[in-house]
2 protein chains.
Amino acid sequence: MTTAEQPPAPRKKTGRRPGGADTRRTVLEAARAEFAARGYEKASMRAIGRAAGVDAALLHHYFGSKDRLFMAALEFPVQPKAAVAQLLEGDRAVVGERVAEFVLTLWEQPGVLDRLMALVRAAATTEQVARLMREFVQEELVARIAAELQVEQPELRAELMFSQIVGLAMARYVIGVEPLASATRAELVPLLAPTFQGYLGGA
Amino acid sequence: MTTAEQPPAPRKKTGRRPGGADTRRTVLEAARAEFAARGYEKASMRAIGRAAGVDAALLHHYFGSKDRLFMAALEFPVQPKAAVAQLLEGDRAVVGERVAEFVLTLWEQPGVLDRLMALVRAAATTEQVARLMREFVQEELVARIAAELQVEQPELRAELMFSQIVGLAMARYVIGVEPLASATRAELVPLLAPTFQGYLGGA
DNA sequence: GAGTGAATTCATCATGTGATGAGTTTCTCG
DNA sequence: CGAGAAACTCATCACATGATGAATTCACTC
């Protein structure tokens with residue numbers, strides 16, 4: 001009985017793997033998914049490793065620490081400067097609609113939702129991430145937007161718009177309240193547009 | 001040297017304390033503060049105990065588990081049925097303003113902010129709490145509100161209002177973006193009122 | 001005043017975590 | 001081909017966590 005060791009067991013082997021698999025990308029995708037689904041604290045290096053089919057120590061080899069893995073997994077695919085500029089140019093009477101359309105379309109892009117949720121979940125619990133987000137909002141969004149608005153309290157208005165966007169993400173994806181969670185972009189844009197339009201100063 | 005035991009050291013003693021201190025309430029307040037500040041996962045029983053001046057085992061004695069402590073700490077001081085009814089009666093042309101005023105005033109009540117933050121932070125990370133919130137929103141809020149609205153897609157509109165409220169809490173208290181975080185109720189109500197009014201169907 | 005039960009702490013367990021360092025295998029470049 | 005670097009795993013550490021059970025002290029009732 002002691003000599004019964006058949007081949008069926010897919011043995012774990014130490015050392016470098018054959019074939020140039022893009023392990024780094026695999027790991028980043030697994031991390032993104034895990035952070036998105038469970039939040040920063042609950043997502044464990046071990047679980048991420050398991051999801052990527054890799055030992056947890058490899059994550060440290062690549063990224064050094066959980067913090068840095070998180071940062072690497074988050075890298076955002078949008079140039080805020082360009083996006084803001086593009087949204088603000090054009091007919092100001094329909095800027096609210098442009099914003100609504102832009103945000104909802106952005107969230108439909110592959111990989112974006114994972115990043116968004118990871119960010120929101122982490123910001124809710126980790127002061128460090130909240131600070132990062134605060135600085136980003138203030139410097140990249142509010143400052144640029146407020147400079148272009150011809151209304152009283154432009155910062156406050158820009159931030160209220162931001163708050164509606166965050167709230168939408170929470171209600172729709174984190175809390176998942178129906179029918180909001182399943183509503184289509186076409187259904188939501190006409191309802192959100194007036195809100196954004198109002199904040200940005202148009203009647 | 002072995003007999004040197006002076007009074008300065010505030011000895012920890014085992015056994016029941018003298019004087020009928022309301023330890024349970026103290027613990028609940030400490031728990032609320034801790035859950036609000038750090039979120040469910042990061043708030044440890046030990047830290048809560050320390051903040052309440054009590055051994056962590058006592059929390060288990062009183063509440064059985066961390067889950068149940070959390071639930072006990074959260075008990076909400078608002079009758080949703082009554083609140084919704086009160087907000088919806090009266091002049092529908094200014095219902096948006098009533099809602100804005102109500103929410104911002106509620107958050108100023110002592111103890112409410114702690115509960116709100118604890119809830120939001122936990123909902124963001126713990127699926128169980130998210131589900132609780134989802135059910136609450138759907139059954140207690142959306143159902144009641146939608147029944148009273150004379151517009152298309154009343155549920156969607158009620159939930160968008162909810163999303164703006166959640167987003168406001170996130171932006172203001174969790175992320176803490178300025179000047180939103182420090183804005184007064186008087187500054188915010190006129191900006192929020194049209195949004196709520198729009199969602200609830202008034203022009 | 002004795003005795004029951006609640007309030008409270010202490011010591012301890014099992015578990016999961018992020019991190020580290022050493023060892024093994026493959027790739028790449030001369 | 002041979003050497004060094006990169007990719008990868010294993011074993012392990014130190015630590016924090018939630019939970020449990022026994023032990024001690026006080027309050028309250030008969």
Side-chain angles (χ1 to χ4, degrees), chain A residues 9-31 34-35 37-74 118 121-122 125-129, chain B residues 9-31 34-35 37-73 118 121-122 125-126 128-129:
Chain A
R11 287 251 155 259
K12 291 193 176 181
K13 255 189 342 180
T14 182
R16 184 172 192 153
R17 289 176 179 172
D22 197 347
T23 309
R24 195 185 170 99
R25 164 174 271 108
T26 309
V27 166
L28 280 176
E29 277 165 15
E34 208 74 5
F35 283 132
R38 318 199 194 226
Y40 179 78
E41 344 280 343
K42 270 181 161 169
S44 77
M45 298 293 266
R46 284 165 165 85
I48 294 172
R50 206 176 313 131
V54 144
D55 189 280
L58 188 60
L59 313 195
H60 280 98
H61 175 63
Y62 274 142
F63 303 98
S65 72
K66 192 183 181 184
D67 283 21
R68 295 226 286 281
L69 205 210
F70 180 75
M71 293 303 180
L74 232 66
R121 289 210 150 101
T125 319
T126 308
E127 164 59 23
Q128 209 179 338
V129 176
Chain B
R11 287 248 155 261
K12 292 194 175 181
K13 255 189 341 179
T14 182
R16 185 173 191 150
R17 288 175 178 173
D22 196 347
T23 308
R24 196 186 170 97
R25 165 174 271 110
T26 308
V27 166
L28 279 177
E29 278 166 14
E34 209 73 6
F35 283 132
R38 318 199 196 226
Y40 179 78
E41 345 279 344
K42 271 182 160 169
S44 76
M45 299 293 267
R46 285 166 165 86
I48 294 172
R50 207 178 311 130
V54 144
D55 188 281
L58 188 60
L59 312 194
H60 280 99
H61 175 64
Y62 275 142
F63 302 98
S65 72
K66 193 183 180 183
D67 283 21
R68 294 227 287 279
L69 206 209
F70 180 75
M71 292 304 181
R121 289 209 150 102
T125 318
T126 307
Q128 208 180 340
V129 176

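Reminder, nothing fancy here: chain letters follow the sequence lines and each chain counts from 1. Heavy atoms only: backbone and side chains are in, while hydrogens, waters and symmetry mates are out. Predicted model, so just to flag it, every value in this text is computed and none were measured.
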Nearest whole angstrom, please: distance from the [atom2] of [N] to the [atom1] of [X].
X	N	atom1	atom2	answer
A:Asp22	D:dA7	CG	P	11 Å
A:Ile48	C:dG16	CD1	C1'	15 Å
B:Asp55	C:dT12	CG	C1'	12 Å
A:Arg50	C:dG16	CZ	C1'	11 Å
B:Glu41	C:dT17	CD	C1'	14 Å
A:His60	D:dA11	NE2	P	18 Å

Do the side chains of A:Val54 and A:Thr26 get nearer than 4.5 Å, heavy atoms only?
->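 A:Thr26 does not reach A:Val54 side chain to side chain.
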Taking the side chain as C-beta and beyond, is there a heavy-atom pair between A:Arg68 and A:Tyr62 under 4.5 Å?
->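 Heavy-atom side-chain distance check fails, nothing below 4.5 Å.
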For the [atom1] atom of [X] and the [atom2] atom of [Y], what is their distance to the nearest 0.5 Å?
X	Y	atom1	atom2	value
A:Arg24	A:Leu59	CZ	CG	11.0 Å
A:Asp22	A:Glu29	CG	CD	8.5 Å
B:Thr125	B:Lys42	OG1	NZ	9.5 Å
B:Met71	B:Gln128	CE	CD	5.5 Å

Indicate the ring-plane relationship of B:Phe35 and B:Tyr40, choosing parallel, tilted or perpendicular according to the 30° and 60° boundaries.
->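 Ring orientation, 0 to 90° scale: parallel.
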Give one of base, sugar-phosphate or nothing for A:Ala52, where a contact means two heavy atoms less than 4.0 Å apart.
->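 Answer is nothing: A:Ala52 stays at 4.0 Å or more from every strand.
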For A:Ala47, answer base if it contacts any base atom (sugar-phosphate contacts may also be present), sugar-phosphate if it contacts only those atoms, and nothing otherwise; contact means non-hydrogen atoms under 4.0 Å.
->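 Contact class for A:Ala47: none.
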If each of A:Tyr40 and B:Leu59 is mapped to the nucleotide of DNA chain C with the nearest heavy atom, which maps nearer the 5' terminus, i.e. the 5' end?
->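 Upstream on the strand: B:Leu59.
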Map A:Lys42 and A:Ala57 onto DNA chain C by nearest heavy atom, then report which one ends up closer to the 5' terminus.
->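 First, find each residue's nearest nucleotide; the 5'-ward one identifies A:Lys42.
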Dump every N/O contact between nucleotides 13-15 of chain D and the protein below 3.5 Å, one line per pair.
none

Is any side-chain N or O of B:His61 closer than 4.0 Å to OP1 or OP2 of C:dA7?
->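 True: B:His61 side-chain N/O within range (under 4.0 Å) of C:dA7 OP1/OP2.
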Between D:dC8 and A:Thr23, is there an OP1 or OP2 to side-chain N/O distance shorter than 4.0 Å?
->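 A:Thr23 to D:dC8 OP1/OP2: side-chain N or O found under 4.0 Å.
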Pair B:Thr126-B:Glu41, side-chain hydrogen bond (donor to acceptor under 3.5 Å, both in side chains): steps then yes or no | CA-CA 9 Å; B:Thr126 307; B:Glu41 345 279 344; 2.9 Å; yes
As a test of reading the structure: which of [options] is closest to the side chain of [X], going by heavy atoms?
X	options	answer
A:Tyr62	C:dC10, D:dA7, D:dA19	D:dA7
A:Leu58	C:dA19, D:dA7, C:dT8	D:dA7
A:Ser44	D:dC8, C:dG18, C:dA7	C:dG18
B:Lys66	C:dG18, D:dG18, C:dT9	D:dG18

Measure from the side-chain N and O atoms of A:Lys66 to the backbone N and O of A:Ser44, and report whether any donor-acceptor pair falls under 3.5 Å.
->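 Flag not set: sc A:Lys66 to bb A:Ser44 has no pair under 3.5 Å.
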List for me each residue that meets side chain to side chain contact (heavy atoms under 4.5 Å, CB included) alongside A:Ala72, sequence neighbours excluded, and say none if there are none.
->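 So A:Ala72 forms a side chain to side chain contact (heavy atoms under 4.5 Å, CB included) with A:Leu28, A:Phe63.
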Terminal helix-axis angle for the helix from C:dG1-D:dC30 to C:dG30-D:dC1, with five pairs defining each axis and rounding to 10 degrees |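 The end-segment axes of the helix from C:dG1-D:dC30 to C:dG30-D:dC1 are tilted 10° relative to each other.
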